[in-house]
Undergrad: 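Here you go, one structure.
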Protein chains: 2
Amino acid sequence: MRMQDIARRLGISAMTVSRALKSDSSVAPTTRAAVLKAIEELGYVPNQIAGSLSSRRSGFAAVLVPSLNNPHFSETVLALGSALQARGMQLLIGNTEYDRRKEAELVRALLARKPEAIILTSDGHDPRILPMLAKAKIPVVEIWDLPARPIQHVVGFSNRIAMRGLIAALIAQGYSRITYLGEADDADTRGASRRLGYCEAMAAAGLGPRLCSIGRPPATMSDGERGLDTVLSAFPDTELVACVSDPLAFGVIAACQRRGWVVPDRLAVSGFGDFEIARIGVPAITTVQIDAGQIGREAGGIIGEAFDALRDLPLAPVIRPVPALPCLRASTMIAR
Amino acid sequence: MRMQDIARRLGISAMTVSRALKSDSSVAPTTRAAVLKAIEELGYVPNQIAGSLSSRRSGFAAVLVPSLNNPHFSETVLALGSALQARGMQLLIGNTEYDRRKEAELVRALLARKPEAIILTSDGHDPRILPMLAKAKIPVVEIWDLPARPIQHVVGFSNRIAMRGLIAALIAQGYSRITYLGEADDADTRGASRRLGYCEAMAAAGLGPRLCSIGRPPATMSDGERGLDTVLSAFPDTELVACVSDPLAFGVIAACQRRGWVVPDRLAVSGFGDFEIARIGVPAITTVQIDAGQIGREAGGIIGEAFDALRDLPLAPVIRPVPALPCLRASTMIAR
DNA sequence: CTGTTAGCGCGTTCAC
DNA sequence: GTGAACGCGCTAACAG
């Protein structure tokens, strides 16, 4: 069924049907009512593929995340979706699974569908995507980090500085034998930035780095449970395990509890991200607080601005930092 | 840039360029190489909107889930995506946020983009989507439940029977004062099915239902933490709290631990779904095991079969049950 | 193996 | 307020 069919049925032209479906165009109220009624009765669904080809507007933006199974990214995606919906756009989600090659393939596949904007979660990108993005001439927003060389717009925070701040705060609490537990194979990722921040904070206090890694990203609770052994064999005198993320920290804590160890008395543990489990788990987990929803909202706002600006000249690159502050909780609160 | 531009540059026709991009069509190897080289150099990205309009194949399937922030659904979506990718199709994800009206709007919006299949997470559907789906003439798969009146294909399990089985097993362990904790406003949802299963198991043992509800779906860890008070004020003699999901159960356990109560000695707790937290948390949580990935793979398989069958006549509706069995763990293991 | 023709179903643009 | 002609960029179907 096409617009033509609706039109013929009412003795009008397809163009009038098309206009009746856009709320802003001028159609006689009675005509519009008749059109909408016919559409309802016949169960007609417009073909947006044809519409997009003709109007050169696909009506959607694409977002790439490394994982859906992560409350942070899903919250960001949710907020982004709402922000874009307010501008009449849908959000198409792509999952890179922490794989740069997959990201590059996805970018290519998605650009073929002509998104009107694209949001990338900062991690090292395949260099081949840069010319593709440039040619697409659409707003690009990188989120969840502050990359050294941004592609265009950015909404995020420095994972390095955030982790450095957390470790500095823990050192100020009196900890010194702090061992870092992160993912393996994390070159050019947010995880690597966090590890660097840890190293910097340790160095600033005259302490050497104590690094352990386990599993490929994303770091899971199970990785954490196995990670405790890794940490203890490498650095048996560890006082505090600084984990790359909250779920990993939760796994370490669970492993301690299985051994009958009290956290933080026997061993302290910190995470990153302020996931729900960091607040609810017992003990509550010391972490870095991030507002994942805010990142999505800000990104949506920038895309909106970019659309408005496009009429004249492209919006100058926007770098929008969001807060990422240490939050000390029971998992590192020992009486000294 | 269009195919025409590539073609002119090489002194061939656009059609040959088009064919060179499809691996199965017959083009001279040298021609194809030249085309691919030119495309690479110029950074040409085909316009799939035009391609879809012409070929009447959009190249994607749509999946609707109630929430992305749920490891189960994200795992299902991941497996489904892989299964479809093997058939050269992309997956478009829609988030209904446990809202039937939103689901209906999404179905309409997605059908306008002509998906080649649609996967719905079973929950009560808005009746208006049925005619829309029927007219679309595409495979429809409902997942994560066994609906009484399936739309077409189904991959799932009976949430009612699964919960009934779990409660029966717990009753067999010696529990009788079992209180159910689920979401409010869960009419026609998987949550309601689970509650019904609980009631049936209790009735079968000659016990009356003890029902509590808190929060709207999805049930979160925070809901669980608050839920303990709700349960105890309504049923102070509760021995075991049967929760609609694992995160809710984890919240209840955390609340117990904050009170200094030992689970399961002072109060036992069960969940549903076998989330990672149910295995890793201490104590491990008694639950119902579901293989979320299997649901995605099976759904992808059915869609594949439906495509193959379409040449002749549509595939007869497939109802594919997946296992959902009780798994008793420490959170309900008391010495009696 | 390659080219030509003719749409796919809409929206833009103009005319009325 | 409404209609007609045209084209968006690609591919199916056929011809060669």
Side-chain angles (χ1 to χ4, degrees), chain A residues 1-36 38-39 42-60 88 108-109 111-116 135-137 311, chain B residues 1-36 38-39 42-60 88 108-109 111-116 135-137 311:
Chain A
M1 187 161 34
R2 301 168 307 163
M3 278 192 179
Q4 194 64 254
D5 303 318
I6 308 289
R8 247 198 299 268
R9 197 171 194 270
L10 299 173
I12 60 179
S13 78
M15 201 51 239
T16 303
V17 176
S18 172
R19 281 195 271 253
L21 284 169
K22 315 237 151 269
S23 44
D24 59 323
S25 43
S26 55
V27 183
T30 55
T31 312
R32 163 165 291 140
V35 169
L36 296 179
I39 285 175
L42 296 173
Y44 167 70
V45 176
N47 183 334
Q48 189 164 180
I49 294 178
S52 295
L53 181 61
S54 178
S55 67
R56 294 128 166 282
R57 298 206 48 234
S58 65
F60 79 90
R108 165 175 276 284
L111 286 183
R113 297 188 188 271
K114 305 293 170 192
E116 301 183 36
K135 285 219 180 55
K137 292 205 195 338
R311 303 177 198 292
Chain B
M1 187 160 35
R2 303 168 306 165
M3 277 192 182
Q4 194 63 253
D5 303 318
I6 307 289
R8 246 199 299 268
R9 197 168 194 272
L10 299 172
I12 59 177
S13 78
M15 197 55 233
T16 302
V17 175
S18 173
R19 282 195 271 250
L21 284 168
K22 316 235 153 272
S23 45
D24 59 322
S25 43
S26 53
V27 183
T30 57
T31 311
R32 163 166 292 142
V35 169
L36 295 180
I39 284 176
L42 297 172
Y44 167 70
V45 176
N47 184 333
Q48 187 163 182
I49 294 179
S52 296
L53 180 61
S54 178
S55 67
R56 292 129 167 283
R57 297 205 51 231
S58 64
F60 78 91
R108 166 176 275 285
L111 287 183
R113 296 187 187 272
K114 307 294 171 191
E116 299 182 37
K135 285 218 179 55
K137 293 205 194 334
R311 304 177 197 290

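Every chain is numbered from 1, with letters handed out A, B, ... down the list of sequences. Here the structure is a predicted model, which is why all the values come from computation and not from measurement.
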Undergrad: Distance check needed: C:dT12 C1' versus A:R57 CZ, whole Å only.
TA: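 My rounded result for the distance is 14 Å.
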Undergrad: Sub-3.5 Å donor-acceptor pair from the side chain of B:T16 to the main-chain atoms of B:I12, do we have one?
TA: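 Flag not set: sc B:T16 to bb B:I12 has no pair under 3.5 Å.
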Undergrad: Starting at atom CG of B:L21, determine the distance to atom C1' of D:dT11, rounded to an integer number of angstrom.
TA: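 Rounding to the nearest Å, CG of B:L21 and C1' of D:dT11 are 12 Å apart.
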Undergrad: Nearest whole Å is fine: how far is D:dT2 P from A:M3 CE?
TA: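 From A:M3 CE to D:dT2 P: 15 Å.
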Undergrad: In this structure, how many angstroms lie between the P atom of C:dG7 and the CG atom of A:L53, rounded?
TA: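 Those two atoms, CG and P, are 17 Å apart.
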Undergrad: NA contact type, B:T16, heavy-atom cut-off 4.0 Å: base, sugar-phosphate, or nothing?
TA: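 B:T16: backbone/sugar contact only, no base atoms under 4.0 Å.
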Undergrad: As a test of reading the structure: which of C:dC10, D:dG3, D:dG9 is closest to the side chain of A:Y44, going by heavy atoms?
TA: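 Side chain of A:Y44 sits closest to C:dC10.
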Undergrad: Describe the nucleic acid contact of B:M15 in one word from base, sugar-phosphate, nothing, applying a heavy-atom distance below 4.0 Å.
TA: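 B:M15: base contact, heavy atoms under 4.0 Å.
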Undergrad: Might you point out which heavy atoms bring B:A14 and B:M3 nearest each other, and give the distance in Å?
TA: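 Taking every non-hydrogen atom into account, O-SD, 3.9 Å.
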Undergrad: Can you measure A:K22 atom NZ to C:dG9 atom P for me and round it to whole angstrom units?
TA: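 That distance rounds to 18 Å.
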Undergrad: Go nucleotide by nucleotide along DNA chain C from the 5' end; which of A:I49 and B:S26 gets its closest nucleotide reached first?
TA: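 Looking at the nearest nucleotide for each, B:S26 comes out on the 5' side.
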Undergrad: Can you tell me if B:S18 touches the phosphate of D:dC10, counting only side-chain N or O atoms and a distance under 4.0 Å to OP1 or OP2?
TA: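 No, no such contact exists.
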Undergrad: Under a 3.5 Å distance rule, please check whether B:R19 uses its side chain to pair with a backbone N or O of B:V27 as donor and acceptor.
TA: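 No; zero donor-acceptor contacts below 3.5 Å.
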Undergrad: With nearest nucleotides of DNA chain C determined for B:R56 and A:S55 from heavy-atom distances, which residue corresponds to the more 5′ nucleotide?
TA: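 This one resolves to B:R56.
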Undergrad: May I ask you to say what B:I12 touches in the nucleic acid, namely base, sugar-phosphate or nothing, with a heavy-atom cut-off under 4.0 Å?
TA: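 Sugar-phosphate contact only.
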Undergrad: If you assign each of B:R19 and B:N47 to its closest nucleotide in DNA chain D, which residue comes earlier from the 5' end?
TA: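 Taking each residue's closest nucleotide, the earlier one in sequence belongs to B:N47.
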Undergrad: Which nucleotide in the set D:dG3, C:dG3, D:dG9 lies at the smallest distance from any side-chain heavy atom of B:A50?
TA: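 Among D:dG3, C:dG3, D:dG9, the one nearest the side chain of B:A50 is D:dG9.
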Undergrad: Rounded to whole angstrom units, what separation is found between the CD atom of B:Q4 and the P atom of D:dC10?
TA: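 Spelled out: CD on B:Q4 to P on D:dC10 is 9 Å.
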Undergrad: With no angle test and no hydrogens, is the base of D:dG7 tied to the side chain of A:S54 by a donor-acceptor pair under 3.5 Å?
TA: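 Counting by modelled atom types and ignoring angles, a donor-acceptor contact under 3.5 Å is found here.
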Undergrad: Under 4.0 Å between any heavy atoms, over every strand shown, what does B:T31 touch: base, sugar-phosphate, or nothing? Just pick one.
TA: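 If one applies the 4.0 Å heavy-atom cut-off, B:T31 turns out to touch the sugar-phosphate alone, with no base involved.
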Undergrad: How close or far is atom C1' of C:dG3 from atom CZ of B:R8, stated in whole angstroms?
TA: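 After rounding, the gap between these two atoms is 15 Å.
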Undergrad: Would you check if the side chain of A:S54 reaches a backbone N or O of A:A50 as a donor-acceptor pair within less than 3.5 Å?
TA: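 No; judged by distance alone, with no hydrogens or angles, the pair does not exist.
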Undergrad: Taking the side chain from A:S52 and the backbone from A:Q48, do they hold a donor-acceptor pair closer than 3.5 Å?
TA: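 Checked: pair present.
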